[in-house]
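Atoms within a ligand are numbered from 1 in the order they appear, just like the ligands themselves. All residue numbers in this chain count up from 1 along the given sequence.
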Amino acid sequence: MKPSFDLSGKIALVTGATHGLGMAMAKALAQHGATLVINGHTPQKMDLAVKEYASEGITAYPYLFDVSNEQAVNDSISKIEQDLGTIDILVNNAGMIQRTAAIDMSPSDFRKIVDIDLVSPFIVSQRIAQSLIKRGTGGKIINICSMMSELGRNTVSAYAAAKGGLKMLTRNLATEWAKYNIQVNGIGPGYFATDQTAPIRVDGHPFNDFIINRTPAGRWGNPEDLGGAAVFLASPASDFINGQILYVDGGILATIGKPYGE
Ligand code: GCO
Ligand code: CA
């Protein structure tokens, strides 16, 4: 039997899907048949995003809510369920980064990053799992992790702590919800050309050359490079895969790196 990557009849919610990696993954899910629900928290960005999806023939159903606000998450998911039905596929993509040396990082900023990048995926996953368990036919949760789920780097202490935590949350939720036929996996993007990395990607910034040299593929990832992994982990083709992080990194984690010029 051919493995199925078909998402027809499924409802997918992608958080933080108004731009960047979230948008690229959301497009891929829709192109494979899913009904697409997008979350964002800025009305103007949301309007632009809906138009961008439409320009590619994709209907995106927009829901504005703050993923770190439990009440807002509960109310919005209930609304989505009334409007469209139970969410089958959740991509916890919304996240934020702050690049500040650990010695200067305020505890309140640290907490804010952990709240968005780690606590929010828990809140949204729990709410959606409650409905999936009630319905009883399973579903898919995909947590967007990072290179920083595995590696440290100067200036990203809170982000790395949160993304490392998200990897373990993935394994833990996979453990607890496997019996309901819910698969919880993660995608760990390497270094991608997005707005988030724009400040460290500018020509002449030492980090730009560093990443290109550090990545066996020799380039930054394009958001579209994530589509295949998202579709795979959302589809029946991955039904016996649970608690894994699939790194889409051009080979970074496979290697210690190489000296410049090699
Ligand atoms: C950084 C980058 C990373 C990436 C990504 C790597 O400052 O090192 O922004 O954090 O965004 O998550 O996988
Ligand atoms: Ca962009």
Side-chain angles (χ1 to χ4, degrees), residues 14-26 28 40 45 67-68 91-106 109-122 142-171 185-230 233 244-257 260:
V14 182
T15 66
T18 56
H19 61 284
L21 302 185
M23 178 178 265
M25 290 185 285
K45 274 188 153 189
V67 288
S68 69
V91 181
N92 281 311
N93 165 78
M96 69 186 288
I97 194 163
Q98 183 181 323
R99 299 185 182 97
T100 304
I103 202 77
D104 300 321
M105 184 85 176
S106 79
D109 283 351
F110 190 99
R111 267 194 207 101
K112 195 171 72 194
I113 300 291
V114 172
D115 210 38
I116 298 290
D117 291 349
L118 178 57
V119 182
S120 300
F122 169 75
I142 302 168
N143 291 324
I144 304 310
C145 299
S146 162
M147 292 289 87
M148 272 72 239
S149 297
E150 300 292 340
L151 302 169
R153 179 170 107 68
N154 287 344
T155 74
V156 296
S157 58
Y159 184 81
K163 293 296 188 177
L166 188 56
K167 173 181 70 178
M168 287 312 302
L169 179 66
T170 301
R171 292 176 179 167
N185 290 291
I187 293 175
Y191 278 87
F192 276 71
T194 64
D195 295 345
Q196 195 250 41
T197 55
I200 53 177
R201 228 173 346 100
V202 286
D203 236 16
H205 194 296
F207 203 76
N208 188 47
D209 288 342
F210 167 70
I211 282 304
I212 290 169
N213 190 264
R214 175 74 180 75
T215 307
R219 63 170 176 89
W220 289 80
N222 300 312
E224 301 72 46
D225 287 322
L226 278 185
L233 292 178
Q244 296 295 316
I245 312 298
L246 176 51
Y247 289 98
V248 182
D249 67 352
I252 294 178
L253 287 179
T255 182
I256 194 170
Y260 286 113

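The side-chain heavy atoms of Asn208 and Trp220, taken from C-beta on, include a pair separated by under 4.5 Å. In this structure the side chain of Val91 reaches within 4.5 angstrom of the side chain of Ile144, judged on heavy atoms. Between Ile113 and Met105 there is a side-chain heavy-atom pair separated by less than 4.5 Å. Considering only heavy atoms from C-beta on, Val248 comes within 4.5 Å of Ile187 through its side chain.
A side-chain donor from one of Gln98 and Thr100 sits under 3.5 Å from a side-chain acceptor of the other.
Applying the salt bridge (charged side-chain N to carboxylate O under 4.0 Å, His left out) rule to pairs touching residues 145-154 yields Glu150-Lys167, sequence neighbours excluded.
Around ligand 1 you find Ile97, Arg99, Ser146, Met147, Met148, Arg153, Val156, Tyr159, Pro189, Gly190, Tyr191, Gln196, Thr197, Ile200, each with a heavy-atom distance below 4.0 Å.
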